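Shown next, in structure tokens, is the structure this report addresses.
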Amino acid sequence: MAASRTYELSLREQVGQLNQRLKGWECVQRNGQSWAVTDVLRREVDRWGGLGALYGLFRADPWSGVTLESGISVAERADVAAMVTEYCVQHSEHGIPPLLAEEAPHGHMAIGGSLFPVNLAVAASWDSWGIREAAQITAEELRSSGAHLALVSGLDIARDPRWGRTEECYGEDPDAAAAFVTAVVEGMSSVPGVGVVLKHFAAQGAGIGGRNGSSASLGPIDLGDLHLTAARQGVLTGAVGVMAAYNDIDGLPCISNRQLLTHILRERWGFDGIVMADGGAVDRLIDLTDDPAAAAALAIRAGVDLSLWDESFTTLEAALERGLITVEEIRQASDRVLAVKDRLGLLGAAAHHGPATTESTTESTTETIAARARVVTTRLAERSIVQLSTSARALPLPAGTIAVVGPNADDLPALLGDYTPPVTGDLGGIATALRACPGMAERVLTPSSCRERSGTRWQVEPEDLQVCRRADAVVLVLGDTSERLYSTEFDNNGAAIPSSAIATGGEGVDVASMELPAEQLRLLDAVADLGTPVVCVVVSGRARALTRVLDRADAVIFSPYPGPAGAGAITRVLTGEAIATGRLPISLPYGDGVLPVAHNERVEHFFGYADQDGRSLPFGTGGHGIDEELCMPPRVVTAEALRSGRPLTVTVRVRNNTHRAVHHTVLLHGQRQVTGRQRRKNELLTFTSVSLEPGAERDVPLELHAEQLFARNAYGEPMVVPERVTMALTPGPHPPGTPGVHAVTITESS
């Protein structure tokens with residue numbers, strides 16, 4: 001905080017530093033071949049004598065209304081950022097620039113930004129290196145554009161797949177999420193001048209009924225164990241900010257939860273960055289206070305530093321006059337914002353307000369970044385594909401003609417997910433990619449309306465079956481889309497209004513049923529009745545109940561929104577050029593009403609539903625063609641050995657029975673124990689990956705440290721090793737129904 005104290009700001013200027021009220025795309029306008037700042041920005045900067053932060057200067061999507069034609073191009077970004085920054089600096093008595101914050105959930109959400117698979121997909125790849133590389137590339141693009149803050153999803157844990165934002169999660173497991181959040185923060189923080197703001201804090205993925213922003217009914221143990229673990233790891237790794245979520249926890253909104261934002265985040269974890277409000281979240285507190293000033297006071301006293309689109313924070317001076325907050329509370333929040341600016345190199349004599357270097361905006365450098373991005377997004381897309389079932393008559397695709405039908409048969413936007421900018425070039429999907437394979441151009445059949453149906457509510461057409469009857473095999477592409485159209489209506493925070501949207505996923509689009517839409521299931525049954533080999537590709541950003549699909553199709557592939565390289569990656573699996581090596585980061589229920597199904601729910605005395613199969617296709621399913629054997633004799637470990645810091649090593653013998661080289665992920669499961677606390681059915685202890693040539697066999701060591709063996713406390717922290725505990729580790733059974741996933745049984749005694 002010391003550097004920020006060199007600026008003696010007036011009260012009005014301090015409040016201005018807490019201001020992120022504007023939407024960036026409203027602050028600039030095109031004048032012929034150049035850009036200029038608008039009166040919207042001028043009025044705000046003049047009002048506060050500066051600006052704390054500006055959100056979404058480069059954002060382009062249907063909500064912002066920014067199109068490929070009207071938006072800021074890659075070549076223009078740095079100049080526009082410099083223009084906006086210079087205006088703010090010149091009109092600030094102290095010359096303080098704004099933080100430029102940009103959405104970056106799976107790439108920079110701007111025209112020409114590199115686009116990667118969604119979080120659920122990269123979690124299915126289990127590729128920490130690829131995730132880190134994608135994050136670094138995104139940060140390089142942000143910095144070369146003059147932006148400073150990357151708003152990154154990753155803290156939400158998907159506990160109810162009905163939630164539309166499941167695609168933004170790294171799945172249902174807190175340890176997997178913590179590992180991937182670590183990779184993201186490391187990757188982005190390796191680029192000087194870029195800071196990560198992690199969202200959403202906390203427990204937004206536990207909303208009742210899977211409804212967006214609804215209450216999370218959690219006790220302190222489940223809150224800490226499941227929903228704070230990734231956040232704590234991200235903070236310790238170096239995130240400069242967290243975003244306080246919309247939801248409440250047991251009735252207390254995260255945005256006004258001092259226990260969460262101050263006691264846990266700052267006092268226990270030592271976090272010294274900023275807490276940013278989610279968009280309009282502070283204004284939602286007006287419903288609880290009937291008073292904007294009281295709403296702002298609740299948030300700032302809880303620990304919020306920087307608002308987002310809120311009017312309430314403009315009333316902080318009034319709140320001070322009424323005694324609702326103190327001068328020191330405003331000063332403390334302003335100091336935190338200034339400290340982050342200092343940390344990112346925006347303050348002081350050596351401050352640099354523009355892009356990282358002049359060279360970073362050159363065409364050759366931009367192309368180099370883009371080339372690296374293509375390699376990484378292709379790798380992540382291919383490794384994210386999960387093979388749920390197969391048969392020799394279906395995969396690889398047989399010789400002859402191949403019909404490609406279904407709502408996502410040739411639709412690139414359906415592969416991309418939410419928070420996606422407009423894309424350029426051919427919008428073809430899987431059918432186009434398959435047709436481009438050598439010798440396949442004349443063999444691939446699609447309905448004439450296939451491409452025209454892209455972006456409309458889809459219905460089964462007679463031509464679909466006519467095409468299938470002429471084919472020797474059928475690729476049936478089902479699932480969801482999170483595509484937003486420019487005709488979609490939006491809530492004031494950018495969430496789609498479901499009644500106006502074609503989307504079946506993404507922010508604001510929650511569903512009641514886990515089954516695929518009825519039209520898709522009718523097509524599945526009609527195609528399967530033909531007797532032709534059927535490969536079903538399910539593209540989705542959430543778990544779906546696929547029992548009927550598994551029963552009727554000869555082979556089933558599950559691909560969480562795999563990004564722009566997804567069509568090619570799926571095609572390589574279909575033709576046998578590649579092996580699907582992804583593993584489910586989320587459990588798939590067997591049917592509607594079978595929720596929750598997460599692998600790490602608590603042990604219960606339950607014999608199943610009377611009217612429904614209560615099982616699931618479990619977390620970790622995948623990795624077909626790979627044999628695993630746990631090579632581990634029973635052992636006893638004392639408290640002294642655990643506290644020494646030396647890891648325990650568990651070895652899994654892995655054999656590749658496929659005809660291709662594979663990148664395989666080994667998952668080690670167990671049950672963490674605390675005396676007197678109900679255990680979880682199954683927990684991920686650790687994971688690692690190995691590359692194997694065809695027929696190769698290898699012993700893969702997995703290290704377990706003390707913090708991985710004991711449960712966590714209510715703050716997401718590893719519990720201290722008890723003084724007199726001993727632990728017996730023995731090979732355990734597979735988690736029920738999960739081939740190739742090994743477990744150890746941890747028995748605690750004192």
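Because the structure is predicted, anything quoted here is derived from the model rather than measured.
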What is the minimum heavy-atom distance between [X] and [Y], and which atoms define it?
{"X": "P421", "Y": "I111", "result": "CB-N, 4.3 Å"}
{"X": "V152", "Y": "A104", "result": "CG2-O, 3.8 Å"}
{"X": "L198", "Y": "G234", "result": "CD1-CA, 3.7 Å"}
{"X": "H148", "Y": "P98", "result": "CE1-O, 3.4 Å"}
{"X": "C254", "Y": "L261", "result": "O-CD1, 3.4 Å"}
{"X": "I274", "Y": "L306", "result": "CD1-CD2, 4.2 Å"}

Whether the side chain of [X] engages the backbone of [Y] through a donor-acceptor N/O pair (distance < 3.5 Å, no angle test) should be reported.
{"X": "D411", "Y": "G429", "result": "no"}
{"X": "E44", "Y": "L51", "result": "no"}
{"X": "N492", "Y": "G280", "result": "no"}
{"X": "T67", "Y": "S70", "result": "yes"}
{"X": "E167", "Y": "D418", "result": "yes"}
{"X": "R542", "Y": "P161", "result": "yes"}
{"X": "T85", "Y": "A82", "result": "no"}
{"X": "Q20", "Y": "W309", "result": "no"}
{"X": "T289", "Y": "D291", "result": "yes"}

### Chi angles and distances behind the side-chain hydrogen bond (donor to acceptor under 3.5 Å, both in side chains) call for K341, Q17
CA-CA 11 Å; K341 291 185 178 185; Q17 289 302 308; 2.7 Å; yes
### Task
With Y419 as reference, evaluate S153, S482, P105 under the side-chain contact (heavy atoms from CB on, under 4.5 Å) test and give the passing residue.
P105
Could you measure the distance from the [atom1] atom of [X] to the [atom2] atom of [Y]? Nearest 0.5 Å is fine.
{"X": "S513", "Y": "D592", "atom1": "OG", "atom2": "CG", "result": "3.5 Å"}
{"X": "L416", "Y": "H106", "atom1": "CG", "atom2": "NE2", "result": "7.5 Å"}
{"X": "I137", "Y": "I369", "atom1": "CD1", "atom2": "CD1", "result": "8.0 Å"}
{"X": "T166", "Y": "D480", "atom1": "OG1", "atom2": "CG", "result": "10.0 Å"}
{"X": "D283", "Y": "D310", "atom1": "CG", "atom2": "CG", "result": "4.0 Å"}
{"X": "L120", "Y": "E172", "atom1": "CG", "atom2": "CD", "result": "10.0 Å"}

### Message
Taking the cut-offs as 6.0 angstrom to the six-membered ring centre and 45 degrees off its axis, would you call K23 and F58 a cation-pi pair?
### Response
no
### Cation-pi geometry met for R21 and F313 (6.0 Å, 45°)
no
Taking only Lys NZ, Arg NE, NH1 and NH2, and the carboxylate oxygens of Asp or Glu, determine whether [X] and [Y] approach each other closer than 4.0 Å.
{"X": "R484", "Y": "E507", "value": "no"}
{"X": "D79", "Y": "R77", "value": "no"}
{"X": "R30", "Y": "E69", "value": "no"}
{"X": "R42", "Y": "D39", "value": "yes"}
{"X": "D510", "Y": "R162", "value": "no"}

### Message
Can you confirm whether the side chains of E141 and T138 place a donor and an acceptor under 3.5 Å from each other?
### Response
no
### Task
Applying side-chain contact (heavy atoms from CB on, under 4.5 Å), run through I385 and I570 and close with a yes or a no.
CA-CA 7 Å; I385 299 169; I570 291 169; 3.8 Å; yes
### Query
Can you check side-chain contact (heavy atoms from CB on, under 4.5 Å) on D156 and W163, steps first, answer last?
CA-CA 11 Å; D156 301 322; W163 187 37; 3.7 Å; yes
#### Entry: D248: which of S215, S256, S217 passes side-chain hydrogen bond (donor to acceptor under 3.5 Å, both in side chains)
S215
### Task
Apply the test side-chain hydrogen bond (donor to acceptor under 3.5 Å, both in side chains) to residues N31 and S34: give CA-CA distance (whole Å), side-chain angles for both, the deciding distance (0.1 Å), then the verdict.
CA-CA 5 Å; N31 289 338; S34 62; 5.6 Å; no
#### Entry: Residue pair N493, Y246: steps toward the side-chain hydrogen bond (donor to acceptor under 3.5 Å, both in side chains) verdict
CA-CA 11 Å; N493 68 340; Y246 287 124; 3.1 Å; yes
### Message
Please determine whether side-chain contact (heavy atoms from CB on, under 4.5 Å) holds for the pair L478 and V537, giving the CA-CA distance in whole Å, both sets of side-chain angles, and the decisive distance to 0.1 Å.
### Response
CA-CA 6 Å; L478 306 178; V537 179; over 6 Å; no
